[in-house]
There are 2 protein chains.
Amino acid sequence: MLGQATRTSASFPRQVLPTGMEPAEALRGKARRRLESHMGKETAALFDRCGRERDFVGGEALARCEDPGDAVYIVLEGVVGLYAEAPSEPRDVLGYCYSGDLIAPARLGVAWSFDATALTSGRLLVLSLQELRDRGDGTLAWALLEAACAELSRRTARLRGYWFLPVKARLATFLFEMDEGIGQRTDRGLEVDLPMFRDEIAIYLGTRTETICRILTGWKDRGLIVMDSPRKLVIPDGARLRAEAFA
Amino acid sequence: MLGQATRTSASFPRQVLPTGMEPAEALRGKARRRLESHMGKETAALFDRCGRERDFVGGEALARCEDPGDAVYIVLEGVVGLYAEAPSEPRDVLGYCYSGDLIAPARLGVAWSFDATALTSGRLLVLSLQELRDRGDGTLAWALLEAACAELSRRTARLRGYWFLPVKARLATFLFEMDEGIGQRTDRGLEVDLPMFRDEIAIYLGTRTETICRILTGWKDRGLIVMDSPRKLVIPDGARLRAEAFA
DNA sequence: CGAAAATTTGAGCACGATCAATATGTGTGG
DNA sequence: CCACACATATTGATCGTGCTCAAATTTTCG
């Protein structure tokens with residue numbers, strides 16, 4: 001991939017990206033389900049009790065590279081992007097986090113070592129390390145360890161999952177990943193409001209903006225997707241798109 | 001990458017891969033340095049106290065997908081490969097672990113959810129979860145959480161690090177990664193005994209065996225590397241190789 | 001409405017995939 | 001110790017995906 005490439009510049013995130021509000025109840029339910037499927041009911045409940053909820057809006061910086069990593073986040077709703085530190089643009093996308101995902105500093109109590117930025121509005125569970133340590137609650141530490149291990153495995157799988165796919169399949173996979181996080185089922189199909197630009201998608205998928213465009217256009221022309229606007233996609237038939245992308 | 005690819009079969013690891021023994025002291029020092037640089041002196045010492053050392057030989061299965069993940073490993077010496085479960089070959093390489101790296105089950109106490117196989121002989125620190133839990137030692141749980149967070153970040157960086165590189169650069173990066181783990185400085189340069197076959201490297205790097213061969217041959221012809229045997233490489237001048245690969 | 005940003009389209013070509021054949025190990029039994 | 005068989009590695013020829021550079025377009029926002 002990018003066989004002959006030398007990346008040129010781009011910078012993320014460049015602006016606040018308001019995404020349409022979503023039915024709160026549905027998402028709460030969805031978030032809870034994901035949370036519990038990721039870490040089990042009891043653990044989820046434990047985190048609920050110990051953490052502090054925080055709402056965020058698209059574009060908000062949730063953690064900065066140099067900030068002391070004195071907390072651990074669990075995404076409840078929305079999408080959070082993780083970006084590598086980069087003195088010079090473009091910043092590399094490390095990954096996206098959805099509800100149930102754990103965001104932990106690379107060096108606990110020292111530094112996050114990456115930037116976390118909200119891509120949509122959403123909600124976060126903040127677990128302050130200091131507080132938790134002071135409590136001396138071993139249970140919680142074990143629960144966090146559990147969550148971290150799960151996240152490690154999930155992250156690896158997500159990243160490696162793209163590795164062998166041709167770009168078309170990567171893009172489809174990405175769309176479904178986004179859909180799981182912030183998609184909605186309507187009578188038109190799966191509606192996904194992409195919370196980022198084409199070039200950020202390209203970086204995440206290890207390809208170029210133009211390629212993303214071409215593929216999306218191709219799909220649009222064949223009715224596999226509908227583009228209300230460049231950022232508002234509708235997938236009338238997920239199975240058909242998947243079949244086509246992996247053909 | 002692999003734009004037109006449909007992966008064909010290969011199976012790892014296929015045999016015990018004895019790698020030459022190495023000067024124990026040098027490695028002990030190296031392992032300790034890596035360990036401490038990854039997690040700090042005190043934490044490393046804590047783990048040392050709580051864990052049980054275990055030697056392994058190349059080819060040994062250290063964890064199986066379905067096994068209950070009732071321990072956490074810290075690699076002291078050698079290289080451990082992590083492989084995705086795959087009912088049908090080929091198995092995907094999730095990553096390689098070197099001294100200082102943490103290997104933790106995806107679901108603590110439930111299942112590893114991946115296979116860990118020793119690629120070389122080496123040594124492992126085994127931290128039994130049951131024992132640790134029984135101790136009720138919060139400190140240790142925090143230390144493990146710390147290690148897990150660090151591993152998460154390291155793993156992500158390692159995987160994403162390859163993302164944008166053309167295959168040549170990936171292969172060079174891989175060689176240096178291996179060198180860091182098991183390489184030796186001699187008067188001939190950096191000596192690296194690859195503990196896996198060409199096709200496993202190809203899978204790890206998201207390319208094909210033939211491509212790996214062509215690149216290595218190219219480098220050999222230009223004196224950038226010496227191949228004592230297909231698996232025994234010498235890099236006379238690391239800087240030169242790096243420059244060439246990233247040119 | 002106009003400027004800037006983001007997206008889309010076009011033409012050409014390089015990297016790396018593919019398929020097929022050959023060569024080099026590596027281990028086995030005679 | 002050699003000869004065979006099999007596993008692994010290398011080389012060759014061809015071609016497709018996706019990168020490049022460049023030029024429209026369309027969106028977005030002040």
Side-chain angles (χ1 to χ4, degrees), chain A residues 1-19 58-59 89-90 162-171 193-203 205-221 225 227-233 245-247, chain B residues 1-18 89-90 162-171 194-203 205-221 225 227-233 245-247:
Chain A
M1 158 238 338
L2 266 194
Q4 24 191 341
T6 307
R7 262 160 80 202
T8 49
S9 75
S11 115
F12 312 114
R14 280 158 296 189
Q15 62 175 240
V16 177
L17 310 164
T19 304
E89 305 297 343
Y162 287 113
W163 205 229
F164 278 99
L165 303 178
V167 176
K168 261 201 231 180
R170 281 190 222 170
L171 183 52
D193 290 11
L194 297 176
M196 74 285 290
F197 299 106
R198 296 279 188 273
D199 50 358
E200 182 169 330
I201 299 176
I203 288 194
L205 299 182
T207 183
R208 299 316 217 105
T209 312
E210 298 91 326
T211 303
I212 300 289
C213 280
R214 279 185 240 277
I215 295 173
L216 286 177
T217 304
W219 286 346
K220 187 186 64 180
D221 292 345
I225 60 172
M227 279 166 59
D228 292 341
S229 85
R231 305 271 289 269
K232 291 179 96 64
L233 306 188
F246 284 84
Chain B
M1 157 230 339
L2 266 195
Q4 19 188 348
T6 306
R7 263 162 79 203
T8 48
S9 75
S11 114
F12 312 115
R14 280 158 293 191
Q15 62 176 240
V16 177
L17 311 164
E89 306 297 342
Y162 288 111
W163 207 227
F164 278 99
L165 302 178
V167 176
K168 261 201 228 180
R170 280 190 223 170
L171 182 53
L194 297 176
M196 75 284 292
F197 298 106
R198 297 279 187 271
D199 51 356
E200 183 169 331
I201 299 176
I203 288 194
L205 298 182
T207 183
R208 300 315 219 103
T209 313
E210 298 92 326
T211 304
I212 300 289
C213 281
R214 279 185 241 277
I215 296 174
L216 286 178
T217 304
W219 287 345
K220 186 185 64 180
D221 291 345
I225 60 173
M227 280 167 59
D228 291 343
S229 85
R231 306 270 290 269
K232 290 178 98 64
L233 306 187
F246 284 84

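Letters A, B, ... are given to chains in the order of the sequence lines, protein chains preceding strands, and every chain is numbered from 1.
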Next on the checklist: Let me confirm one number: the CD1-CD1 distance from A:I201 to A:I215, rounded to the nearest 0.5 Å.
Outcome noted: 11.0 Å
Next on the checklist: From C-beta outward on B:T211, which listed nucleotide comes closest to its side chain: D:dG18, C:dT7, C:dG16?
Outcome noted: C:dG16
Checklist entry - Can you find an N or O donor on one side and an acceptor on the other, under 3.5 Å apart, linking the side chain of B:R208 with the base of D:dT11? => result no
Checklist entry - Any N or O donor-acceptor pair linking the side chain of B:R231 to the base of C:dG25 at under 3.5 Å? => result no
Next on the checklist: Side chain of A:E210, heavy atoms from C-beta onward: which of D:dA9, C:dT9, C:dT7 has the nearest atom to it?
Outcome noted: C:dT9
Checklist entry - For B:S229 and C:dG25, is the shortest distance between a side-chain N/O and OP1 or OP2 below 4.0 Å? => result no
Checklist outcome for this item: Among the nucleotides D:dG18, C:dT9, C:dT7, whichever has the atom closest to the side chain of A:R198 is C:dT7
Item to check | d(CE, A:M196; P, D:dT27) in whole Å | outcome: 20 Å
Next on the checklist: If the cut-off is 4.0 Å, is B:T217 near the phosphate of D:dT11, judged by side-chain N/O to OP1 or OP2?
Outcome noted: yes
Item to check | Protein-nucleotide distance (B:I215, atom CD1; C:dA14, atom P), rounded to Å | outcome: 18 Å
Checklist entry - Closest approach of B:R170 and B:W163, non-hydrogen atoms and distance? => result NH2-O, 4.2 Å
Next on the checklist: Does D:dC19 have OP1 or OP2 under 4.0 Å away from a side-chain N or O of A:T207?
Outcome noted: yes
Checklist outcome for this item: Ranking A:P230 and A:K168 by the position along DNA chain D of their nearest nucleotide, the one closer to 5' is A:K168
Checklist entry - Is a side-chain N or O of A:T211 found less than 3.5 angstrom from the main chain of A:T207, in a donor-acceptor match? => result no
Next on the checklist: I need the CD1-P distance between A:I201 and C:dA6, as an integer number of Å.
Outcome noted: 13 Å
Next on the checklist: For a 4.5 angstrom cut-off between non-hydrogen side-chain atoms, does A:F164 reach B:I203?
Outcome noted: yes
Item to check | 4.5 Å side-chain heavy-atom contact, A:F246 and A:K168 | outcome: no
Next on the checklist: Whole angstroms only, please: what is the CZ-P distance between B:R170 and C:dC15?
Outcome noted: 14 Å
Item to check | Axis bend over the full length of the helix from C:dC1-D:dG30 to C:dG30-D:dC1, computed from five pairs that close each end, to 10 degrees | outcome: 50°
Checklist entry - Atom NZ in B:K232, atom CD1 in B:I225: separation rounded to 0.5 Å? => result 14.5 Å
Item to check | Minimal non-hydrogen separation, A:L171 against A:L205, with atom names | outcome: CA-CD1, 3.7 Å
Checklist entry - To the nearest Å, how far apart are A:E200 CD and C:dA5 P? => result 17 Å
Item to check | Length of the CZ-P vector between A:F246 and D:dT17, whole Å | outcome: 17 Å
Checklist entry - Would one find a side-chain N or O of B:R214 under 4.0 angstrom from OP1 or OP2 of D:dT11? => result no
Checklist entry - Roughly, in whole Å, what's the span from CG in A:D221 to C1' in C:dT8? => result 11 Å
Checklist entry - Roughly how many Å is it from NZ in B:K232 to C1' in C:dG25, rounded to a whole number? => result 15 Å
Checklist outcome for this item: Taken to the nearest 0.5 Å, the spacing of A:R198 CZ from A:E210 CD works out to 12.5 Å
